[in-house]
Each structure stands twice: as structure tokens, then as C-alpha cells.
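Working notes, beginning with the structure itself.
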There are 2 protein chains.
Amino acid sequence: MKKIINQPQDVVDEMVAGLVSAYPDYLVQVPETLVVARSDDFDQVALVSGGGSGHEPSHAGFVGDGMLSSAVCGQVFTSPTPDQIFEAIKASDKGKGALMIVKNYSGDVMNFDMAKDLAEMEDIEVASVLVDDDIAVEDSTYTQGRRGVAGTVLVHKILGAMAREGKSVSELADYGKSLVADIKTIGVALSGATVPEVGKPGFVLDDDEMEFGVGIHGEPGYRREKIKTSREMAEEVVSKLKAEYNWQEGESYGLFVNGMGATPLMELFIYFNDVKALLAADGIEVGFSKVGNYMTSLDMAGASVTLIKLDEERLRLLNEPVHTIAW
Amino acid sequence: MKKIINQPQDVVDEMVAGLVSAYPDYLVQVPETLVVARSDDFDQVALVSGGGSGHEPSHAGFVGDGMLSSAVCGQVFTSPTPDQIFEAIKASDKGKGALMIVKNYSGDVMNFDMAKDLAEMEDIEVASVLVDDDIAVEDSTYTQGRRGVAGTVLVHKILGAMAREGKSVSELADYGKSLVADIKTIGVALSGATVPEVGKPGFVLDDDEMEFGVGIHGEPGYRREKIKTSREMAEEVVSKLKAEYNWQEGESYGLFVNGMGATPLMELFIYFNDVKALLAADGIEVGFSKVGNYMTSLDMAGASVTLIKLDEERLRLLNEPVHTIAW
């Protein structure tokens, strides 16, 4: 294992320390926690997210005006504990309650739910939106149903803009539920990720192999085969997305190509170009684009493609300005 | 070689196509060139940069209001040709001339210089600022003197803000020269980068090896040894930087930790944390911070540390807002 770290058990503590020290105009650490919160003042429903670390800049990089109010950083690929999530809620509650954005992993679902109970005992209104955008497989290593992956970042963005505009906890929860239903993602991996405390990759692909549908913690995908061209990979993932959406010519989607961490931006732009061309061939308009490393898996090589069905309101909310380090 | 690409010889064409297609509100491609220019209107000295591709988001990701006016994308790790650079100048010249920001590689220096001659034949005033911030070695594979690396991004930012404020070509060139003298960088590599048309890494490090001072095209550094902790790497690079600056307690610097492409953001924040702690121990204040992948080397693992000596004006210019996809 070659990484720029000190002791493997200290990576999250030191990562959070570096993050808030680098960007004090955006972020503060809630003392004695691994919660990262907005450093400025605000008055709205608190938008809280988080999960295991190793997906940077998710989620702390999206804390700021117009997106998240706070993010809780679990250990690497490990759900944060209920007490830490509760700290994140308390740090950001302004008397208007909190909406939690939770990726669909059994540990996260359980722990965020327990944190909700803790908050309600202190009369803080809390609701949650569950993100399960990964269409690759049903049920997985840590998940009942579908996994939550890169589409979560779009949920942060859209609900973040709405929360700033003064929507209530229940309005955000209702809107979020229908929003998530229209966001779908599928990934490809070219290499496995190495958790520092484990010291070796979670899975190994041969020098000429790739795998479709791998999860962001290295959960198995649905097919392993010889490396394909970008265009062939795009054909595979677009056909899967098309089968989900059953789209009609003339519809408009947002297209988000997300890197897994070790794939250069050059490749992400090439892949974006191929996916967009296939959508265009189907008469699908791309009304919003985003390309980069936003929901990573440590040092995994690969990329995911997320589509979001657009309407005027969603497009407006996606384009609202934010003050974060990573959007 | 495992990459998300089509034909290796097409990577730059397809990357530029994807880039401008993803971000039409920011960027346009000058027809029949690999020049990426601002898509909005402006009235100031043109700020032109570029170089070989493979360093994304440099340089096209910094094209936009408050930074570059245009960027020319050479083939991978290859200087752009004089005619392409001339196209970039013409695309952005508003009758006030152009300032070129050039990294110190022999091919770049020669080709940007020839482009300047071409422009002057058409009565466009052109000057250049040469960036040679890499303190690792004197002379290198493609360089006489010191190489230009990640510090170039800070030059884009500061001169970009000044150009927007209406400074002339000669004012920018003069300011740029003294600015570059106060920006210094040193890198560490954990793995080599693979140029698509070559198909194998430019150099290979063993599973437990790292190298100090590697250049952004894989040029040799100054020492190869067993992998160290983040803190030990930080000690090495801070001692080198200290010897250059000969700093005094109480001085203020900007600290920029830049990823080489395949190193996760988590590690960059840990490394930042260690470098900043060593600066603090020397009584050096960090008045500006930036952490992320800004001047990459394809799929190289590693990171560089850049310091810039701050004064009020530089700090103000670094913090001016911009409209780019990557700053």
C-alpha cells in the first residue's frame, strides 16, 4: 500500500483537521466530533448528510451556503455513529428542524434513523431522504435494495437550494422523494480501492480487465470483462439507463460524469463526450452537465454516469450559486 | 494500459470536445484548433496560457472571467505548436495585446516565442511570463534551468485578477516576473504516469518506493527511497522550501497542495495538515490555502507543495472571485 498518510487509524481525524484548517472561511469542525459544519451564520432548515469517509470531496466538501449545513465523517467506508450524526443535527438546527440525506446502506440507514430518534427526544423535527440511485444491482454487500452513489451530490445541490429558499422539513422530504426517483447512476471500475486500515485492494482486476456496476465501496458489479473503449463502455451504461428511464425523444436530462478518484480528468471528459453523443443519437437533450471527481472511492480507477430527469425547477435549482469548496 | 479512452491518438481532440460540450457557459473551442477560449465577452489584455495536455484541469479549466482568456491544448506532454498558440492569442486579443504565461520547458519557450513573433507581425503587442517554480532540480529532461509546475496556477489566478482590473501588457509582465520569483514548488511521486500513445508508465517505482522531486511529465527527481509517512515527506519538502526562502518567523505564505491525478483528496488533506503544522512550528502564517488536483500528470500518484510569499495585494488578488470550472 502506497499512500500519503501517517498511521492508518488516524486518516479520518487528520483529513478533517486538514480540511477545516485549509478552508476556515467555509468550514468549522464541531469540537470533539468528526462533524464538519458551515462556518457562517444562516437561518433555514438544517441539511445534514454524511457517511463513511473515503468519498472525498463528499460530503464535507459540499457544506456551505446553498448546499449542506453539516456533514458527518465516519471512519473509512464505515457508517458514522448515531451520536455523531446527532451532533451534526444539533450543530446546524436553527429551530426549524433538519433534513437528512442518507445513502442507502444498511448501517447508514440504521444509524441516521437512531440519530433522528435522539433529535426528536430533544424536540428537533427531523426527516430523511434516502438516495438509492445505483441501478447496477438489487441488494448488495451492505445494502437492501439499490445502493446510494454519485447521484447523492445532485440531491445535496437541489435540496440545498430549496432549503435556502425557506422550504420546511416536510416540503424538502416530499420533494426529495420524487427527486431521487428521477436520478439514476451506473459505474465502471478499472481497479479496486485500498482502505488504509486494510492495506490491500478490496478487489483486484487483471491488467486488461474492467467491471461494470461496481459500488463505491468496491461492492461487486454485474459483469467483469476485458477492457473496452470509452465508446463501448458508454454504450453499455447508456443502454442500462435507457431501460430504466424508458425515455422519449426530446426529453431533457442532466448528465453527471463522476470520477472514482484515480481516473484522470482527461478520461472523464472523453467518457462524457461519448455518453452525450449516444444521448444525442436518441434525441435526448443534455440541459445540465457536470464532470469531475465528486463521489470518489479512495484510489479506485473508474467512473460513474448519473442522469437526472430535468424540469424547469430542477434545472433552476441546479444552477443556483453556492458557496462550497467542491461543487 | 487501462484507460477510459478510444484511440490513443484521439485523446486530446475528444477531451477538448467533451470539455467545451460540458461547459458551454464558460468555454468555446476556436474552430479547427485545440484552443479553448472564454465564451463570454470581455475587454482587457488577453491572458493566454497552455502547454501539453495531460495536466487537466490545467490549463483550459482556468479559462474564464478573472483568470485566463484562452488556453491552447498541445498533444499529451507535448508543447503546442506556434500556429496554435497564435490562434489562442488572436481569439482573445481585444486590441489591448496579450500576456502569455509559459511554463519553463524548452519546447514551450520556443513555440510561445515564435507565436509572439507571429502576433507582432500582425501588430498585436505580446509579452510573456516564464514560470519556473520547481525547486527540485536545475536543468531537466525538457528544461534549461528550473521546471514550471503547479505554481503556474497561482500565476494564472493573480495575473488574471490584475488583467481584469485593466492592467497593461507591460504592467502584467513586470508584476508577473517578481511574482514568479516568490512562488516555489516541490513534488513527490508514488507512481509514474502513462501517456496513452506510449502505453506504459514513463517510470516505474517499486511497491514500497517513492521519489522526491519528480517533474509533471515524469522527469527524474533528486532522490528515490522507501515510502515514508506523510509527516516525513512534509519534513523533507518543507526543509527544501525553507532553504529557498530563508524565511523569518512571522512571515505569511499561501500554501497550495496539488494532487498529481491519482492521489485521493483524503491524502492531500492529510499532507496539507502536516505541511501546515511544520510551517506553524517555524512561526510561518498560512494566509491562503488551496488543496486539490489542479496541475496533474495523467494518472501519476503523488502531490506537490507550492508556497507563495504573500503581501496584501497578492492575497487580495488570490481571493478575487472568478468564473471558471476549476479554480
Side-chain angles (χ1 to χ4, degrees), chain A residues 1-7 10-12 14-19 21-24 53-54 56-57 61 76 188 190-191 205 207-210 227 229-231 233 255 257 261-274 276 286 289-293 296 298-299 301-303 325-326, chain B residues 1-7 10-12 14-19 21-24 53-54 56-57 61 76 188 190-191 205 207-210 227 229-231 233 255 257 261-274 276 286 289-293 296 298-299 301-303 325-326:
Chain A
M1 174 179 62
K2 288 204 286 191
K3 289 181 183 291
I4 305 178
I5 61 172
N6 295 301
Q7 295 309 306
D10 295 334
V11 293
V12 179
E14 294 180 9
M15 185 261 293
V16 171
L19 178 68
S21 163
Y23 295 106
S53 291
E56 292 69 35
V76 178
V188 299
L190 274 61
S191 76
L205 292 168
D207 280 350
D208 61 351
E209 268 187 338
M210 59 171 294
I227 182 88
T229 65
S230 169
R231 203 167 291 123
M233 292 182 208
L255 169 55
V257 172
T263 288
L265 208 46
M266 168 181 276
E267 297 176 35
L268 300 182
F269 281 119
I270 291 170
Y271 196 39
F272 173 92
N273 196 46
D274 287 323
K276 187 171 175 180
V286 172
S289 310
K290 200 150 185 77
V291 183
N293 291 284
T296 63
L298 294 169
D299 51 355
I325 63 170
Chain B
M1 175 179 63
K2 288 205 287 192
K3 289 181 183 292
I4 305 179
I5 62 173
N6 295 301
Q7 296 308 306
D10 296 334
V11 294
V12 178
E14 295 180 9
M15 185 262 293
V16 171
L19 177 68
S21 164
Y23 295 106
S53 291
E56 292 67 35
V76 177
V188 299
L190 275 60
S191 76
L205 291 168
D207 281 350
D208 61 351
E209 269 186 336
M210 59 171 294
I227 181 87
T229 65
S230 169
R231 202 167 293 124
M233 292 182 210
L255 169 55
V257 173
T263 289
L265 209 45
M266 169 182 276
E267 297 176 35
L268 301 183
F269 281 120
I270 292 170
Y271 195 39
F272 173 91
N273 198 44
D274 287 323
K276 188 172 175 179
V286 172
S289 310
K290 198 149 187 82
V291 183
N293 291 284
T296 63
L298 295 168
D299 51 355
I325 63 170

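We name chains A, B, ... by the order of the sequence lines, and we start the count at 1 in each one.
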First locate atom CG of B:L265, then atom OG of A:S53, and finally report the distance between them rounded to the nearest 0.5 Å. 11.5 Å
So, the side chain of A:N6 versus the backbone of B:R231: is there a donor-acceptor pair under 3.5 Å, distance only? yes
Side chain / backbone / both / neither for A:V76 at chain B, heavy atoms under 4.5 Å: side chain
Between A:M210, A:K290, A:Q7, who has the most heavy-atom pairs with chain B when the cutoff is under 4.5 Å? A:K290
The interface call for B:L205 against chain A, heavy-atom contacts under 4.5 Å, is both
Just so I understand: if I count every heavy-atom pair under 4.5 Å between each of A:N273, A:T229, A:T263 and chain B, which residue has the most? A:N273
Could you measure the distance from the CE atom of A:M1 to the CG atom of B:D208? Nearest 0.5 Å is fine. 12.5 Å
Taking all heavy atoms of A:S289 and all of B:A22, pick out the closest pair and write down the distance. CB-O, 3.1 Å
State the CG-CG distance between B:N293 and A:N293, to the nearest 0.5 angstrom. 7.0 Å
Quick one: pull up CD1 in A:I5 and CG in B:D274 and give me the separation to the nearest 0.5 Å. 11.0 Å
Are the side chain of B:K276 and the backbone N or O of A:G18 linked by a donor-acceptor pair below 3.5 Å? no
Between B:T296 and chain A, with a heavy-atom cut-off of 4.5 Å, which part of the residue counts as in contact: side chain, backbone, both or neither? neither
Distance check, rounded to the nearest 0.5 Å: B:L298 atom CG versus A:E267 atom CD? 8.0 Å
Portion of B:L190 that has a non-hydrogen atom of chain A nearer than 4.5 angstrom: both
Has the side chain of B:Y23 got a donor or acceptor atom that lies under 3.5 Å from a matching backbone atom of A:V291? yes
Looking at B:D207, is its backbone amide N or carbonyl O close enough to the side chain of A:K2 to form a donor-acceptor pair, meaning the two atoms are under 3.5 Å apart? no
Which answer fits B:K3, side chain, backbone, both or neither, if we ask what part of it has an atom under 4.5 Å from a heavy atom of chain A? both
As a test of understanding, state which of A:I4, A:V12, A:V16, A:V11 forms a side-chain contact (heavy atoms from CB on, under 4.5 Å) with B:I270. A:V11
Side chain, backbone, both or neither: which part of B:M233 has a non-hydrogen atom closer than 4.5 Å to chain A? side chain
In this structure, OG of A:S230 is separated from CG of B:D10 (nearest 0.5 Å) by 11.0 Å
